[in-house]
Amino acid sequence: MSEHLPILMVLVPLLSAPLVVFIKHRKASRVIATLACALSACAAWTLALQMSSAVSYPLGGWRPAIGIELRVDFAGAYVAAIVSTIATFAISLGTRGTREDVVGREMFFYAAFLMCVAGLMGMVVTGDAFNVFVFLEISSLSTYTLVAMGKERRALTAALNYLFLGTLGGTFVLIGIGLMYQMTGTLNAAAVSARIREVEHLRTTHVAFAFLAVGLGIKLAVFPLHQWLPGAYSQAPHAVSSFLAGTATKVMYFQLIRVVVSFFGVAYVFDTLHFGDFLLPLSLVAMFAGSLSAIFQPSLRRLLAYSSIGQVGYLTLALSLGTEAGLNAGLLHLGAHAVTKTALFLIAAAFIAQVGDDRLDRLSGLGKRYPLLSLGFVLGGLSLIGVPGTVGFVSKWALLEAVLAGGRPWLAFLILASSMLAVVYVFRVVEVLYFRAPLANAPPLARERADWGSWVPAGLLVLVSVGLGVWSELPSEYVATAAQSLFGGAR
Amino acid sequence: METAITVVLFVLLLATAIILGRQRNLFAASMLTGIFSLVSAGLFTVMEAVDVAFTEAAVGAGISTVLMLATLSLTEDVEAREKKISWPALAVVVLTGGALIYGTLDMPNFGDPHAVVHGEIARYYIDRSWDEIGLPNMVTSILASYRGSDTFGELGVVFVAGTSVLLLLGGRRSELPASGESPGHERPSSRPPGKRHAHVREMPVVRTVAKVMLPYIVLFAFYVQAHGDFGPGGGFQAGVILATAFILFGLVFGPQELVRHVPPERLERIMAVGLMIYGGVGVVAMLLGGQFLAYGVFTPSHPSHGHHYGIFMVELGVGITVSAVMIIIYATFATRRPSLAPQVVLDAEDRCETEVSADDVPLVPEERALRSGADLLAEGAAGTDAASEVPS
């Protein structure tokens, strides 16, 4: 059984989706969807914790390169575990925040959600370039639909925007894969990286990498290509925005790492193409522009969304260093930010359920009324800033170390400076929650008590983000192994 | 000769693309995309990629054109605004095009036998697929077995498409028969006043020919489904062709009539069944001790037989889901509002009352937004989006 774990974590959600549509039962579909995500998470965690080296699974029984190979290394298992766990937490929100006409047709919502999870999981575990694209299509298409199901009409605009940009990104990825295949004659990661040496002086290879990088850059919301993100994150139904915030850009980041490290090779990408010189300035702009815009957002979810753009900046900054330490920091930050941001979106969902909409001033003075929820937001916010004792600190520290090891102290200074912006936008919310008088003419709150469905998973994730900050060696050691096995002494 | 055909086809392709880009009439644009696909299919045939050509012809030139027309029936068929050249966009397009051309400079020549794509793996398929799988059509061996998980994923994409359409539009299916009286705004349209769609259904020739054609189209779909092992064909093409028969029925006799015979509730389940069959075949292989989609374990003494069974079943799953999704997409769009789709009442005395021309159907406010994505975008940009852009 355990040999099938790589495929099972994709297959369980992928086959639960048609099952949900087939059974067509509103309540059963929610249970099945939650169970499927949880099972997928179990499979991913089992694999992540028991593996001693990279696992290969030949689909159809064909040997790699002839058939399609699933290949899960430490980093892949780590990302897969994060994605499936966050899916399990996010789906606890159910169809909250969707437009009204979903009622009665929830099974399609859950089916789309499960396909989205399956697509992202598939992208992580597969070792075949075209298979990556197929799973990218599954996850993208379902994401556009899920975003469009948001309550407000502007969700449709956001989804349309995302659709245009996302399709462009997907097409670029496909062109890149096609060119790469033409130059190497294979789609298998290991086989491509073995042959890229012979063709790396050719212009077609350069263009192949460029298309892959730009395509994934759109999906990853690298700075000038981030336009889809704020709308998509702030308009989507709560389960969807919580899930996307923790996984979508993370999986794309992992793909970018794999394109750089596993397909084209670090030496080619950084020494021949000087990819780092392109990525570094964009990352810096993202760090500042994203965080700066977050400060001025009128709504909680938009604030969190712009903060994500800034956080993607840290991720790409770590990658642009082109070192093992950088990769280590990037992977750590991937996990840290996934946990933190999902927790914050879940808390935002709980607040919105109480006050009715997500304008920030509606939260005035609610800190006393919802002490646990507000405390959760503060802790999550601290992790976003990177305060010691939270998981955000662990990853930011690793990033600082990686930057300093590369001999660029001015980068360390910029990282700290942009973290100060995070302090501003987090404390803007804190100020609203704790230091403002409640609105005099506020409409009545929805319920007396905060509802369990959203704040229990949010609370658990906050605890995880604090716990991993205290016992920081847990993530650090695993990720260090992952980075080492992925990088493999490439430079 | 071959070069001449290729050149002619490429010129046609380019001309179609340029006209398509300049076209403001969306009806014409939809037809042009169909032509574009057909010319592409011709090019693929010249390149001897007949399976791809067949798919392109069936999907690109056939069903997607019909689906676009069905969508147009919900909106209007002229683009809302005059096109203005956006210089940044032009710059990006020129840059991308330049990069693509730059990328071709070091490509191996077309048909170069020494190109790497014709290397080890291609040779493996050519040398071994007959022994290992035993299908005359190697393309089917690759799609359904060697790279079976890709095809499974593609079927997943089709399933997501069906789910998406149902999720986005399914809740607003119009259950009411069309009524001619329509207070409110007239639909702005450049189309000369006429009853294009209503006419089709009144034409005895069209109705009779459609009736005669339907069984043959269905039969051809089954032939394509079964013939995929031996020649171009398989589940995707067959599913599309089968769906075409139903859509033709819907076009000629009205979508309400189609929905009456093929209830969407049942189609939704059928759509799920196909994907489950494909995945189920893989899971059975796992239970029998093989890997996912390793069909060889079905008949351990004779693995190639197992491959035959496996490929037959997964192609069946593909055909089922693809046809169900295509019909669902058409039916959901077409029954969303009774413009293209006035309920057709077959009794002669009712007909004049229920038939509506496409031009005098009111636009329900909620649908107006869908009518033009550009308007919506402008609306969204005017809201907080604009105020909160990243300062740059």
Side-chain angles (χ1 to χ4, degrees), chain A residues 4 7 11 14-15 17-19 21-22 24 57-62 65-68 101-102 105 108-109 111-112 115 118 122 130-131 134-135 137-138 141-142 145 148-149 153-154 156-157 160-161 179 181-186 202-204 207-208 210 231 289-290 292-293 296-298 302, chain B residues 99-100 102-108 116-122 124 145-150 153-154 156-157 159-161 163-164 166-168 170-172 268-269 271-273 275-276 279 282-283 286 290-296 369 373 376-377 379-380 383-385 388-392:
Chain A
H4 293 302
I7 185 70
L11 209 51
L14 211 164
L15 283 180
L19 187 69
V21 170
F22 185 78
K24 272 194 126 170
Y57 183 87
L59 285 166
W62 302 112
I66 296 300
I68 294 171
D101 67 348
V102 174
R105 299 181 304 127
F108 298 122
F109 179 83
M115 290 305 277
F130 189 75
N131 212 221
V134 170
F135 283 117
E137 285 279 275
I138 293 183
L141 205 53
S142 43
T145 310
M149 298 318 288
R153 290 200 58 83
R154 281 207 281 141
L156 291 175
T157 326
L160 201 62
N161 250 328
L179 293 174
Y181 174 68
Q182 191 169 35
M183 298 320 283
T184 59
T186 177
L202 295 177
R203 285 168 284 195
T204 312
V207 175
L292 212 57
S293 319
F296 299 103
Q297 292 310 310
R302 284 192 80 86
Chain B
L100 278 172
Y102 179 76
T104 60
L105 294 178
D106 282 334
M107 273 185 190
V116 275
V117 281
H118 304 304
E120 186 195 329
I121 294 169
Y124 180 96
S145 186
Y146 291 115
R147 299 192 65 87
S149 137
D150 274 349
E154 292 294 357
V157 175
F159 173 81
V160 174
T163 311
S164 298
L166 285 169
L167 195 54
L168 287 167
R172 304 181 184 177
E268 288 157 11
R269 287 219 162 102
M271 157 180 105
V273 166
L275 187 61
M276 286 199 283
V283 173
M286 282 159 77
Q291 286 88 2
F292 183 66
L293 296 176
Y295 316 125
L376 249 179
L377 280 173
E379 208 178 284
T384 48
D385 289 51
S388 55
E389 273 321 309
V390 175
S392 48

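A side-chain donor-acceptor contact under 3.5 Å links A:Thr204 to the backbone of B:Gly103.
B:Phe292 touches chain A through backbone and side chain together, each having a heavy atom under 4.5 Å away. Proximity to chain A is absent for every atom of B:Ala122, based on heavy atoms less than 4.5 angstrom apart. Both the backbone and the side chain of A:Ala65 have a heavy atom closer than 4.5 Å to some heavy atom of chain B. Of the atoms belonging to B:Tyr124, it is side-chain heavy atoms, and not backbone ones, that fall under 4.5 Å from chain A. The part of A:Val207 that comes within reach of chain B is its side chain, from C-beta onward, which places non-hydrogen atoms under 4.5 angstrom from that chain. At a 4.5 Å heavy-atom cutoff, the contact between A:Leu11 and chain B is made by side-chain atoms alone. Residue contact with chain B, scored on non-hydrogen atoms closer than 4.5 Å, involves the backbone and the side chain of A:Ala17 alike.
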Check your understanding: Between A:Ile7 and B:Met286, does a side chain to side chain contact (heavy atoms under 4.5 Å, CB included) hold up when you go through it step by step?
Key -> CA-CA 10 Å; A:Ile7 185 70; B:Met286 282 159 77; 3.9 Å; yes
**Study point:** Criterion side chain to side chain contact (heavy atoms under 4.5 Å, CB included) on A:Phe22 and B:Leu275, from CA distance to verdict
**Key:** CA-CA 11 Å; A:Phe22 185 78; B:Leu275 187 61; over 6 Å; no
Exercise for review: Any chance you could lay out the side chain to side chain contact (heavy atoms under 4.5 Å, CB included) test for B:Val160 and A:Ile138, step after step, and finish with the verdict?
Suggested key: CA-CA 7 Å; B:Val160 174; A:Ile138 293 183; 4.2 Å; yes
Practice item. Apply side chain to side chain contact (heavy atoms under 4.5 Å, CB included) to the pair A:Val21 and B:Leu166, showing each step before the final yes or no. Key: CA-CA 11 Å; A:Val21 170; B:Leu166 285 169; 6.0 Å; no
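Looking only at side-chain heavy atoms (C-beta outward), A:Met115 and A:Leu141 stay at 4.5 Å or farther from each other.
Note: B:Asp150 leads B:Val117, B:Val116, B:Val157, B:Asp150 in heavy-atom pairs under 4.5 Å with chain A. In terms of non-hydrogen atom pairs under 4.5 Å with chain B, the most contact-rich of A:Leu14, A:Thr186, A:Ile66, A:Leu202 is A:Ile66. Top candidate by heavy-atom pairs under 4.5 Å with chain B, chosen from A:Gly60, A:Gly185, A:Ser142, A:Gly61, is A:Gly60. Across B:Gly282, B:Gly153, B:Gly296, the residue that shares the most heavy-atom pairs under 4.5 angstrom with chain A is B:Gly153. Of the residues considered (A:Val102, A:Thr184, A:Leu179), A:Thr184 shows the highest number of contacts with chain B, using heavy-atom pairs under 4.5 Å. Per-residue counts of heavy-atom pairs under 4.5 Å with chain A were compared for B:Leu105, B:Asp106, B:Leu293; the largest is that of B:Asp106.
Between the CG atom in B:Leu167 and the CE atom in A:Met149 there is a gap of 4.0 Å [rounded to 0.5 Å]. Here OG1 of A:Thr145 is found 11.0 Å from CZ of A:Phe109. Values are rounded to the nearest 0.5 Å.
Shown here for B:Arg147 and A:Gly67, the closest heavy-atom pair between the two residues is NH1-O, 4.4 Å.
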